[in-house]
Trainee: 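First, the structure itself, so that you have it in front of you.
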Amino acid sequence: MSPGVAGLTFFGMVTGQIIAGITILLQQPWYQRKLAANNGIPIPEWRLPSVIAGGVAFSAGLFWFGWSGYRADIHWIVPTLSGLLSGFGLASIFLQSLNYLVDAYLMFAASAIAGNTFLRSLAGAGFPMFSKYMFEGMGIEWAATLLGCVAAALVPIPIVFYMYGHKIRAKSAYAPTFSPRGAPVAAQEGESEGTADEKEVIESAASVSVPRLDREARSAV
């Protein structure tokens with residue numbers, strides 16, 4: 001294969017990432033309607049359907065690549081097209097996971113993203129140390145199968161967060177949580193108490209980020 005043809009193999013993944021970006025943009029009107037209906041309070045789990053779909057697509061793309069790219073008699077376009085799924089999965093997982101962190105941690109989102117970037121960079125730095133030997137020793141088909149199995153095993157993680165994310169975040173000291181809309185309250189307290197609870201959560205979370213001396217000065221005023 002000539003260097004020029006080898007470079008064309010990246011078009012599959014690039015196209016998949018572009019499709020993922022367009023898909024996320026098309027979801028924004030739906031997200032904005034849900035946000036407006038919830039009084040502007042973001043629910044992080046709204047971001048996760050794209051992550052779940054991206055996880056499935058990424059895993060399928062790895063299997064496709066492994067079992068179509070190890071034989072010389074298979075045209076190069078076949079493994080290249082696997083990049084449509086791999087690229088779509090990568091971009092969907094990356095973009096919406098960052099959005100999930102922002103919605104989950106709000107004023108602490110910068111720290112959450114920094115931690116995420118640090119761990120992701122460690123994985124990116126460590127993988128090249130063994131990936132070449134893995135593909136040479138196991139072969140393209142089995143090395144890609146191993147990665148595909150790992151990706152498939154990780155698919156349930158966003159599903160768990162989609163189903164139980166609110167309960168998990170409620171145990172965190174840095175992830176502000178709000179009472180679900182429509183939750184029953186006492187007959188005489190009415191809906192105003194739910195609004196007051198949300199304001200208290202926001203104020204208490206915001207006060208954590210304010211230095212101690214500044215909080216004492218504000219309380220004195």
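Positions are given from 1 along the sequence. Hydrogens, waters and symmetry mates play no part in the numbers below; they use all other heavy atoms, side chains included.
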Trainee: Nearest 0.5 angstrom please: F63 CZ to L147 CG, how far?
Mentor: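 Result: 9.5 Å between the selected atoms.
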
Trainee: Side chains of residues 151-160: which donor-acceptor partners sit under 3.5 Å, not counting sequence neighbours?
Mentor:
none

Trainee: Can you list the residues that meet the ring-ring contact (aromatic ring centres under 6.0 Å, His included) rule with Y31, with sequence neighbours excluded?
Mentor: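 Listed in chain order: W46.
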
Trainee: Once you round to the nearest 0.5 Å, how far does CG of L98 lie from OH of Y100?
Mentor: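 Going from CG on L98 over to OH on Y100, the span is 13.0 Å.
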
Trainee: List for me each residue that meets ring-ring contact (aromatic ring centres under 6.0 Å, His included) alongside F130, sequence neighbours excluded, and say none if there are none.
Mentor: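 With sequence neighbours excluded, F130 shows a ring-ring contact (aromatic ring centres under 6.0 Å, His included) to F127, given in chain and number order.
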
Trainee: Side-chain polar contacts of residues 132-142 - donor-acceptor pairs under 3.5 angstrom, sequence neighbours left out - could you list them?
Mentor:
none

Trainee: When clusters are formed from ILVMFWY side-chain contacts under 4.5 Å, directly or step by step, what else is grouped with I19?
Mentor: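 Result for I19 is F88.
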
Trainee: Check side-chain hydrogen bond (donor to acceptor under 3.5 Å, both in side chains) between S50 and all other residues, then give those that pass, not counting sequence neighbours.
Mentor: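 For S50 the side-chain hydrogen bond (donor to acceptor under 3.5 Å, both in side chains) partners, ignoring immediate neighbours, are Q27.
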
Trainee: Are V102 and L95 linked, directly or through intermediate hydrophobic residues, by side-chain heavy-atom contacts shorter than 4.5 Å (ILVMFWY only)?
Mentor: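 Looking at the clustering, V102 is in the same group as L95.
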
Trainee: Does I113 share a hydrophobic cluster with F94, counting links as ILVMFWY side-chain heavy atoms below 4.5 Å and allowing steps through other members?
Mentor: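 Linked, I113 and F94 end up in one cluster.
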
Trainee: Could you check whether any side-chain N or O of S59 sits under 3.5 Å from a backbone N or O of V56, counting only pairs where one atom can act as donor and the other as acceptor?
Mentor: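 Not at all, since once roles are kept as given, no pair shorter than 3.5 Å links the two residues.
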
Trainee: Could you state whether L101 and F161 fall into the same hydrophobic cluster, counting links through intermediate Ile, Leu, Val, Met, Phe, Trp or Tyr residues with side-chain heavy atoms under 4.5 angstrom apart?
Mentor: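 No, L101 and F161 fall in different hydrophobic clusters.
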
Trainee: Can you pull out every salt bridge (Lys or Arg N to Asp or Glu O under 4.0 Å) where at least one residue sits in residues 47-62? Sequence neighbours excluded, please.
Mentor: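 Every pair satisfying salt bridge (Lys or Arg N to Asp or Glu O under 4.0 Å) with a residue in residues 47-62: R47-D103.
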
Trainee: Answer yes or no: is there a donor N or O on one side and an acceptor on the other, between the side chain of S92 and the main chain of V51, under 3.5 Å?
Mentor: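 Checking the backbone N and O of V51 against the side chain of S92, no donor-acceptor pair under 3.5 Å is found.
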
Trainee: Show the atom names and distances, to 0.1 Å, of all donor-acceptor pairs under 3.5 Å that link a side chain in residues 68-80 to residues at least two apart or in another chain.
Mentor:
from	atom 1	to	atom 2	distance (Å)
S68	OG	W64	O	2.6
R71	NE	D73	OD1	3.1
R71	NH2	D73	OD2	2.6
H75	ND1	I77	N	3.1
T80	OG1	W76	O	2.8

Trainee: Taking transitive links into account, so neighbours of neighbours count too, which hydrophobic residues share a cluster with L122 at under 4.5 Å side-chain distance?
Mentor: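 For the cluster that includes L122, the remaining residues are F118, L119.
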
Trainee: List, by chain and then residue number, the residues other than V14 in its hydrophobic cluster (Ile/Leu/Val/Met/Phe/Trp/Tyr, side-chain heavy atoms under 4.5 Å); write none if there are no others.
Mentor: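 Same cluster as V14: I18, I22, L26.
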
Trainee: Could you pull out all residues at least two apart from W67 that satisfy side-chain hydrogen bond (donor to acceptor under 3.5 Å, both in side chains)?
Mentor: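 T145.
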
Trainee: Is F10 linked to L85 within one hydrophobic cluster, defined over Ile, Leu, Val, Met, Phe, Trp and Tyr using a side-chain heavy-atom separation of less than 4.5 Å?
Mentor: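 Different clusters.
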
Trainee: Which heavy-atom pair separates M107 from P176 by the least distance, and what is that distance?
Mentor: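 Taking every non-hydrogen atom into account, SD-CG, 3.9 Å.
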
Trainee: If the condition is side chain to side chain contact (heavy atoms under 4.5 Å, CB included), which residues does A91 pass it with, not counting sequence neighbours?
Mentor: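 For A91, the residues satisfying side chain to side chain contact (heavy atoms under 4.5 Å, CB included) (neighbours in sequence not counted) are Q17, A20.
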
Trainee: Are L48 and I43 connected, step by step, through hydrophobic side chains (Ile, Leu, Val, Met, Phe, Trp, Tyr) whose heavy atoms are closer than 4.5 Å?
Mentor: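 Different hydrophobic clusters.
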
Trainee: Looking only at non-hydrogen atoms, find the nearest pair between L62 and A144 and report the distance.
Mentor: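 The answer is O-CB, 3.6 Å.
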
